[in-house]
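Below is one structure; the comments refer to it alone.
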2 protein chains.
Amino acid sequence: MKPYLLQMLKELASLGAIENRVEISSLELAKQLNTSQQTGSRYLLELDKQGMIIREMGIKKQLIQITEKGEDALQDEYMQYKSIFELTDRVSFIGKVVSGMGEGRYYTAQHGYADQFKEKLGIFAFPGTLNVEIKHIDKNKLRLLKKHTGILIDSFESNNRTFGGVQCFHSKINNLAGAIVLPARSHYSNILEFISQHNLREKLKLKDDDEISIIIFLNTDM
Amino acid sequence: MKPYLLQMLKELASLGAIENRVEISSLELAKQLNTSQQTGSRYLLELDKQGMIIREMGIKKQLIQITEKGEDALQDEYMQYKSIFELTDRVSFIGKVVSGMGEGRYYTAQHGYADQFKEKLGIFAFPGTLNVEIKHIDKNKLRLLKKHTGILIDSFESNNRTFGGVQCFHSKINNLAGAIVLPARSHYSNILEFISQHNLREKLKLKDDDEISIIIFLNTDM
DNA sequence: ATTACTAGTAAGCGAGTAT
DNA sequence: TATACTCGCTTACTAGTAA
């Protein structure tokens, strides 16, 4: 939908055209949008053609009401603004399954991690992680996570080496419960790692390059 | 501000550019908006020129952050949508003072009305009404009032005639307390009548054609 | 890979005007 | 009063391409 049409639809909605038929001329609407009567008229014709409004043409003015389709378009836009300014409790992505290099299995097998996953996340983690590549553009969304501390898994020592702390959030991968595991110190990469009680690859019949939906919950309790 | 620039600003905000500098190319942004890289680049230049964003040009991508001015523009738009979809507790107008034909004085002098104004509105009404003409386009806003019953003043008989019921809402006229008086049965006209404890014309030093701001409260209690 | 300029094309605009 | 058409003008778009 063209942005300038959405603007006019919004103007109509402000005048009550979602609830009622509103009596208004193309000139009056045009003035609200700081444009000409002709443009006002043209916008109305376009909105009409797209099924966003219905019009009853009177001899002088016209009665305009926003259709369900029009209301949906507005609601959609509203929701986008809402998610910008209101606190949300989740972040969602579309990701692509990729193969890791097997280190996930090594790390999740460490008792130091496994015990904390059990205790703090309530997840008896299946050995291995599911690696998911997200679109580069969505990396910016991950910044939202930075505002939240999430569930912290402490670093520990074992076998003469140090295993670093990680930051976790409860997540759903294609609607299956799990958690995202983020290294505590490091910039976000575009590969995300997930753990779960289930063998995600098997249970969701995933192979490399499959698209999956990810929801990350910002709340630390589930 | 041009609607298409606002769309891009919104897109940037969705990617977190209000809180952080966001790393993104003109091509990626363009894809989000279903347009070409060139247009993406041009939009960014325009937003930059208007002071809506600041950019740090890297050798490859660029770091973009929304300025306070840009955030204000988005917040503004958000508020417009909010007032469409969320219940509001008030309606506001800009109106123009006009002369009535003196009937206001006659009506408000009737004990049948005056006593009810006192009792139901808590207003010991100054004799007379202030007549305010609203822009024709704002008439549609009055429809919001129809959804609310307001404060009902009953009809009564006196001097062998019937005085009709009226519907009232607490109001502020240039920030001075009063109430709007609407005939119960009748379509809304573009002339609104206000009563107040004060002589509004004197107290606000109003003469005909002066612009005044009106806020009508939908709640029946003050 | 980027950004962003140029230039030719397409879309949008509004004065004039028919209805 | 209205709506909405035509048409000349302006703005916006993108392919090509330089940096």
Side-chain angles (χ1 to χ4, degrees), chain A residues 1-12 15 17 21-66 133-140 189-190, chain B residues 1-12 15 17 21-66 133 135-140 187 189-190:
Chain A
M1 182 171 194
K2 291 171 186 168
Y4 58 80
L5 290 182
L6 198 64
Q7 291 288 325
M8 176 169 263
L9 203 58
K10 186 192 69 188
E11 202 56 51
L12 284 165
L15 294 166
R21 289 175 309 170
V22 147
E23 186 184 9
I24 195 163
S25 72
S26 54
L27 180 61
E28 285 174 306
L29 269 171
K31 273 184 187 159
Q32 298 283 315
L33 301 173
N34 286 312
T35 186
S36 67
Q37 176 272 323
Q38 291 89 336
T39 295
S41 176
R42 192 160 32 85
Y43 283 6
L44 287 174
L45 284 167
E46 286 184 59
L47 284 172
D48 198 344
K49 208 165 90 184
Q50 291 185 26
M52 298 289 182
I53 58 171
I54 44 173
R55 300 196 293 167
E56 275 175 51
M57 308 299 295
I59 194 76
K60 294 185 78 181
K61 305 202 177 178
Q62 51 192 319
L63 293 171
I64 303 175
Q65 181 148 19
I66 294 173
E133 186 183 324
I134 57 168
K135 286 186 189 138
H136 188 83
I137 199 169
D138 279 339
K139 253 179 78 177
N140 291 313
S189 87
N190 64 327
Chain B
M1 181 171 194
K2 291 172 187 167
Y4 58 81
L5 290 182
L6 197 65
Q7 291 288 324
M8 176 168 264
L9 204 59
K10 187 192 70 187
E11 202 56 50
L12 285 165
L15 294 167
R21 290 176 308 169
V22 146
E23 186 183 9
I24 195 165
S25 72
S26 55
L27 180 61
E28 284 174 307
L29 270 170
K31 274 184 187 160
Q32 299 282 315
L33 300 172
N34 284 314
T35 186
S36 67
Q37 176 272 324
Q38 290 89 337
T39 295
S41 175
R42 190 161 34 82
Y43 283 5
L44 287 174
L45 284 166
E46 287 184 58
L47 284 171
D48 198 345
K49 208 165 90 184
Q50 290 185 27
M52 299 289 182
I53 58 172
I54 44 170
R55 301 196 292 167
E56 274 176 51
M57 307 301 293
I59 193 76
K60 293 186 77 180
K61 303 201 176 177
Q62 50 192 321
L63 291 171
I64 304 175
Q65 180 149 17
I66 294 174
E133 185 183 324
K135 287 188 186 134
H136 187 84
I137 199 169
D138 279 339
K139 255 178 77 177
N140 291 312
H187 275 280
S189 87
N190 63 327

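Below, read A as the first sequence line, B as the second, and so on, with proteins coming before strands; counting in each chain starts at 1. Both backbone and side-chain heavy atoms feed into the values below; hydrogens, waters and symmetry mates do not.
A salt bridge links B:K61 with B:E28: at least one charged nitrogen is closer than 4.0 Å to a carboxylate oxygen.
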Chi angles and distances behind the side-chain contact (heavy atoms from CB on, under 4.5 Å) call for B:I64, B:L44: CA-CA 9 Å; B:I64 304 175; B:L44 287 174; 3.7 Å; yes
Candidate pair A:L45 and A:R55, rule side-chain contact (heavy atoms from CB on, under 4.5 Å), full reasoning: CA-CA 9 Å; A:L45 284 167; A:R55 300 196 293 167; 3.4 Å; yes
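Using a 4.0 Å cutoff on non-hydrogen atoms, the parts of residues 21-33 of chain B near DNA chain C are B:S25, B:S26, ordered by number.
For B:Q50 against B:L5, the heavy-atom pair with the smallest separation is NE2-CD1, 3.4 Å. A pairwise comparison of heavy atoms in A:L15 and B:N140 identifies O-CB, 3.1 Å as the closest pair. Looking at every heavy atom in both residues, A:Y43 comes nearest to A:L33 through CD2-CD1, 4.2 Å.
When the options B:R21, B:Q62, B:Q65 are evaluated for a side chain to side chain donor-acceptor pair (under 3.5 Å) with B:E56, the one that passes is B:R21.
Contact annotation: B:R55 does not reach the phosphate of C:dT2 (side-chain N/O to OP1 or OP2, under 4.0 Å).
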Protein within reach of the bases, or only the backbone? For nucleotides 10-19 of chain C, mark each nucleotide 5' to 3' as B, S or -, using heavy atoms under 4.0 Å. --SBBBB---
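Whole-Å rounding puts the A:L45 CG to D:dT3 P distance at 10 Å. Taking atom CD of B:E56 as the reference point, atom C1' of C:dT3 lies 16 Å away to the nearest angstrom.
B:L29 places a side-chain heavy atom less than 4.5 Å from the side chain of B:E11.
Within the 4.0 angstrom heavy-atom criterion, no nucleotide atom of any strand lies near B:L44.
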